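For reference, the structure is listed below as structure tokens.
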Amino acid sequence: MASVPSLASTVQQRLADGLSAALPEAASADPLLRRSDRADFQANGILALAKQLKGNPRELATKVVEAIPANDVLKEIEVSGPGFLNITVTDAAIVRTLAARAADARLGVPFNESAGTTVIDYAQPNVAKEMHVGHLRSAVIGAAMVEILEFTGESVVRRHHIGDWGTQFGMLIQFLIEHPHELDHRAEDGGEVSGEEAMSNLNRLYKASRALFDSDEEFKTRARARVVDLQAGDEETLALWQRFVDESKIYFYSVFDKLDMDIRDPDVVGESGYNDMLVETCRLLEESGVAVRSEGALCVFFDDVKGPDGNPTPLIVQKSDGGFGYAATDLSAIRDRVRNLKATTLLYVVDARQSLHFKMVFETARRAGWLNEDVQAVQLAFGTVLGKDGKPFKTREGETVRLVDLLDEAVDRATSVVREKAEKVGLSESEIVENGRYVGIGAVKYADLSTSAARDYKFDLDQMVSLNGDTSVYLQYAYARIRSIFGKAGDREPLAHPELELAPAERALGLHLDQFGEVIAETAAEYAPHKLAAYLYQLASLYTTFYDQCPVIKPAPAQDVAENRLFLCDLTARTLHQGMALLGIRTPERL
């Protein structure tokens with residue numbers, strides 16, 4: 001089905017027609033329409049136009065209003081102040097537009113006409129290392145952006161650029177060669193190894209090898225030689241390295257599963273995936289003059305990037321000892337993503353503290369011609385997760401918080417909240433457990449996504465699982481409450497009645513529902529999932545007001561009023577469900 005024009009776009013068109021009829025010389029002027037507290041919409045464009053035409057704005061505004069023929073969309077247009085237009089739409093136009101949205105599986109949300117291919121780099125854990133709270137935001141924000149962009153019609157390629165290469169692997173592999181059974185294990189019940197067991201094995205091995213590396217010079221020498229073997233592609237060394245990668249994936253996937261995230265094996269392309277390109281990347285940069293040798297290292301310099309001493313701080317692509325830095329890998333990844341994956345946008349969901357690195361990498365790629373007018377690179381930079389004290393989130397012992405522990409605690413807290421209300425709704429134990437997981441993980445995701453990515457946010461579980469305020473639990477309960485209404489509606493069905501007069505709470509809810517498509521487009525264009533979260537919270541709040549002021553079941557309203565209100569309930573539920581799904585949050589039918 002074709003997308004449904006929003007009321008705002010319909011009103012915008014009527015105003016544009018009026019403008020060109022009244023003022024042909026201003027046919028292309030923008031009415032500057034926006035939602036308003038004083039009326040349904042306000043148009044401010046005539047003020048700027050009056051300046052341009054050297055006319056009186058109120059007189060021009062009156063001319064435009066008179067040029068708009070009577071129609072079934074605009075109920076009233078008032079010229080206000082120095083030349084604003086306050087516009088009220090008809091109740092019938094609201095209901096008709098919503099009915100068209102309800103008839104569409106996509107709720108009338110249009111596809112982006114200029115959609116391209118976005119490669120999104122997110123959820124980047126390190127092999128043989130535990131995931132901690134610092135890994136949360138890249139995964140949650142990235143997964144939401146994947147869903148939102150795909151919903152708008154963008155072709156999305158996921159990439160998980162895991163840390164699976166580097167000098168530490170020499171130490172780990174050499175230790176495994178000398179202690180060959182350290183990664184041998186079987187699950188006690190004979191089944192598959194759990195993520196916790198895999199991480200426990202890796203932790204034990206890492207600590208033992210690090211202790212030996214720090215205390216035994218001969219082992220240190222052997223470990224360093226093993227790095228050379230790894231980089232040279234020695235078969236035995238690569239096979240052992242692969243064991244570490246495979247063991248780590250068991251663990252990664254278990255954590256992502258807890259986060260209710262779908263991570264696919266082909267999408268995991270770590271640092272090692274670009275090894276074969278590094279030499280050529282350096283050669284191309286040096287031959288083109290983009291990079292130059294400085295004290296033996298291959299560097300790219302920037303006029304505006306200087307260190308504390310005032311001297312230029314270069315991007316080091318290749319070290320003086322011949323080793324490659326992160327920049328060589330990141331630049332090779334850009335070449336691969338543009339050339340082989342045909343990306344039109346490269347989106348990096350990476351900590352704001354890496355902003356300078358990516359600024360230099362993107363500029364280097366532009367100078368080399370790998371990024372151009374047809375391909376843009378964007379860092380969706382995110383802030384830090386803080387504890388309740390406003391400082392970086394640590395355990396009481398000052399350790400970094402393990403991501404698994406944090407998620408488990410969120411689920412435990414949420415399960416308690418669900419259990420308190422379970423008897424009233426008649427939930428079984430299995431439903432309590434399942435809903436506890438959906439509510440707990442949803443609470444963690446929503447707390448992250450409802451904050452602008454660039455800002456730090458406080459991780460406060462008490463607030464996150466609260467039934468009141470701007471939380472996912474509030475939204476999930478609003479959805480479940482709507483679903484419960486249909487169990488009590490008897491033979492009454494949701495049905496739009498454009499002929500009815502709407503109560504103020506119905507109008508407010510209807511006008512907000514109609515903005516869904518515009519919010520999705522804005523969220524996708526600005527890589528701003530917090531805008532969708534804010535829209536959904538406001539939707540749930542407006543629904544609460546509607547539910548309090550406009551009886552749906554009891555006291556029983558007239559048949560047509562009941563049907564129209566059930567229609568508003570149904571569209572609200574579907575919009576909440578779709579919006580939450582795009583944020584990666586489940587909406588249980590009963591809570």
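Given the structure is predicted, the values throughout are model-derived calculations rather than measurements.
Once rounded to the nearest 0.5 Å, the distance linking CE of Met277 with CZ of Phe324 reads 12.0 Å. Of the inter-residue distances, the one linking Glu431 atom CD with Tyr438 atom OH reads 11.0 Å to the nearest 0.5 angstrom. A distance of 6.5 Å separates OH of Tyr274 from NE2 of His161, quoted to the nearest 0.5 Å. We find the CZ-OG distance between Phe362 and Ser355 to be 9.5 Å, quoted to the nearest 0.5 Å. The CG atom of Leu449 sits 5.5 Å away from the CG atom of Leu583 when rounded to the nearest 0.5 Å. One distance of note links CZ of Arg222 with CD of Glu217; it measures 11.5 Å at 0.5 Å rounding.
With contacts defined as side-chain heavy-atom distances shorter than 4.5 Å, the pair Trp370/Leu284 qualifies. With a 4.5 Å cut-off on side-chain heavy atoms, Val349 and Met145 do not count as touching. Within the 4.5 Å cutoff, side-chain heavy atoms of Asp234 are placed close to those of Arg226. Between Ile173 and Thr237, the closest side-chain pair of non-hydrogen atoms falls below 4.5 Å. Residues Ser472 and Lys445 have side chains not in contact (no heavy-atom distance under 4.5 Å, counting atoms from C-beta outward). At a threshold of 4.5 Å between non-hydrogen side-chain atoms, the residues Phe302 and Leu315 count as touching. No side-chain heavy atom of Gln174 sits less than 4.5 Å from a side-chain heavy atom of Phe213. Side-chain contact between Phe252 and His160 is absent, with no heavy atoms from C-beta onward closer than 4.5 Å.
Note: His530 and Tyr457 fail the aromatic proximity criterion, with ring centroids not under 6.0 Å apart.
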* Asked: Hey, mind stepping through Ser194 and Glu197 against side chain to side chain donor-acceptor pair (under 3.5 Å) and telling me if it holds?
  -> CA-CA 5 Å; Ser194 71; Glu197 288 172 294; 3.1 Å; yes
* Verdict with reasoning, Glu363 to Arg367, per salt bridge (charged side-chain N to carboxylate O under 4.0 Å, His left out) -> CA-CA 6 Å; Glu363 177 56 28; Arg367 291 179 188 178; 3.2 Å; yes
* Should Ser466 and Val473 be marked as a side chain to side chain contact (heavy atoms under 4.5 Å, CB included) after you check the CA-CA gap, both sets of side-chain angles, and the distance that decides it? -> CA-CA 7 Å; Ser466 169; Val473 194; over 6 Å; no
* Asked: Glu429 and Arg419: salt bridge (charged side-chain N to carboxylate O under 4.0 Å, His left out), yes or no, with the steps?
  -> CA-CA 9 Å; Glu429 183 59 28; Arg419 195 177 295 282; 2.9 Å; yes
* To do: Could you go through the side chain to side chain donor-acceptor pair (under 3.5 Å) check for Asn112 and Glu154 one step at a time?
  => CA-CA 7 Å; Asn112 179 3; Glu154 188 78 1; 4.7 Å; no
* For the pair His357 and Asp330, evaluate side chain to side chain donor-acceptor pair (under 3.5 Å) and give the outcome as yes or no after the intermediate values. => CA-CA 10 Å; His357 169 78; Asp330 286 332; 2.7 Å; yes
* To do: Decide salt bridge (charged side-chain N to carboxylate O under 4.0 Å, His left out) for Glu526 and Lys531; before the verdict, give the C-alpha distance in whole Å, the side-chain angles of both, and the deciding distance to 0.1 Å.
  => CA-CA 9 Å; Glu526 297 177 20; Lys531 294 199 168 183; 2.7 Å; yes
* To do: Under the side chain to side chain contact (heavy atoms under 4.5 Å, CB included) rule, what do Thr117 and Thr345 come out as? Steps first, then yes or no, please.
  => CA-CA 6 Å; Thr117 298; Thr345 301; over 6 Å; no
* **Val119 and Arg158: CA distance, side-chain angles, deciding distance, side chain to side chain contact (heavy atoms under 4.5 Å, CB included) verdict** => CA-CA 6 Å; Val119 176; Arg158 301 159 170 83; over 6 Å; no
* To do: Dump the intermediate steps for side chain to side chain contact (heavy atoms under 4.5 Å, CB included) on Leu461 and Met464, then the final yes or no.
  => CA-CA 5 Å; Leu461 269 179; Met464 287 179 186; 4.0 Å; yes
* Test salt bridge (charged side-chain N to carboxylate O under 4.0 Å, His left out) on Glu434 and Arg586 and set out the steps. => CA-CA 11 Å; Glu434 183 178 75; Arg586 307 264 187 163; over 6 Å; no
* **side chain to side chain donor-acceptor pair (under 3.5 Å) between Ser138 and Gln124, intermediate numbers included** => CA-CA 7 Å; Ser138 175; Gln124 311 106 342; 3.0 Å; yes
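Note: Tyr348 and Phe358 have tilted aromatic rings, judged against thresholds of 30 and 60 degrees for the angle between ring planes. Ring geometry for Phe175 versus His179: interplanar angle under 30°, hence parallel rather than tilted (30 to 60°).
Between the side chain of Gln318 and the main chain of Gly325, no donor-acceptor pair closer than 3.5 Å is present. Side chain of Lys319 to main chain of Ile316: no donor-acceptor pair is present (N/O by atom type, distance under 3.5 Å, no hydrogens or angles). Looking at Asn126, its side chain never comes within 3.5 Å of a backbone N or O of Lys129 through a donor-acceptor pair. Although no hydrogens or angles enter the test, the distance criterion places a donor-acceptor pair under 3.5 Å between the side chain of Thr471 and the main chain of Tyr474. Tyr477 places no side-chain N or O within donor-acceptor distance of the main-chain N or O of Leu467, the cut-off being under 3.5 Å. Judged by distance alone, with hydrogens and angles left aside, the side-chain atoms of Tyr251 form a donor-acceptor pair with the main-chain N or O of Met131 at under 3.5 Å.
Salt bridge annotation for Lys388-Asp460: present, with a cationic side-chain nitrogen under 4.0 angstrom from a carboxylate oxygen. Between Glu247 and Arg243, none of the side-chain N atoms (NZ, or NE/NH1/NH2) sits under 4.0 Å from a carboxylate O, so this pair counts as no salt bridge. In summary, Asp351 and Arg353 engage in a salt bridge, as defined by a charged side-chain N under 4.0 Å from a carboxylate O. Taking the charged nitrogens against the carboxylate oxygens, Arg413 and Glu409 do have a contact shorter than 4.0 Å, which makes a salt bridge. With respect to Lys249 and Asp164, no salt bridge is recorded, no charged nitrogen being found less than 4.0 Å from a carboxylate O.
Here the closest heavy-atom approach between residue Leu532 and residue Gly579 is recorded as CD2-O, 3.7 Å. Residues Ser254 and Gly195 come closest through the heavy atom pair OG-CA, 3.4 Å. Across every non-hydrogen atom of Leu202 and Ser248, the tightest pair is CD1-OG, 3.5 Å. Closest non-hydrogen pair, Ala139 versus Tyr122, comes out as O-CD1, 3.9 Å. The heavy-atom pair separating Gly153 from Ala115 by the smallest distance is O-CB, 3.6 Å.
Here the options are Thr118, Leu371, Val378, the test is side-chain contact (heavy atoms from CB on, under 4.5 Å), and the partner is Leu346; only Leu371 passes. A side-chain contact (heavy atoms from CB on, under 4.5 Å) with Val411 holds for exactly one of Thr415, Asp408, Leu407; it is Thr415. Just one of Gln476, Gln578, His577 meets the side-chain hydrogen bond (donor to acceptor under 3.5 Å, both in side chains) condition when paired with Thr587; it is His577.
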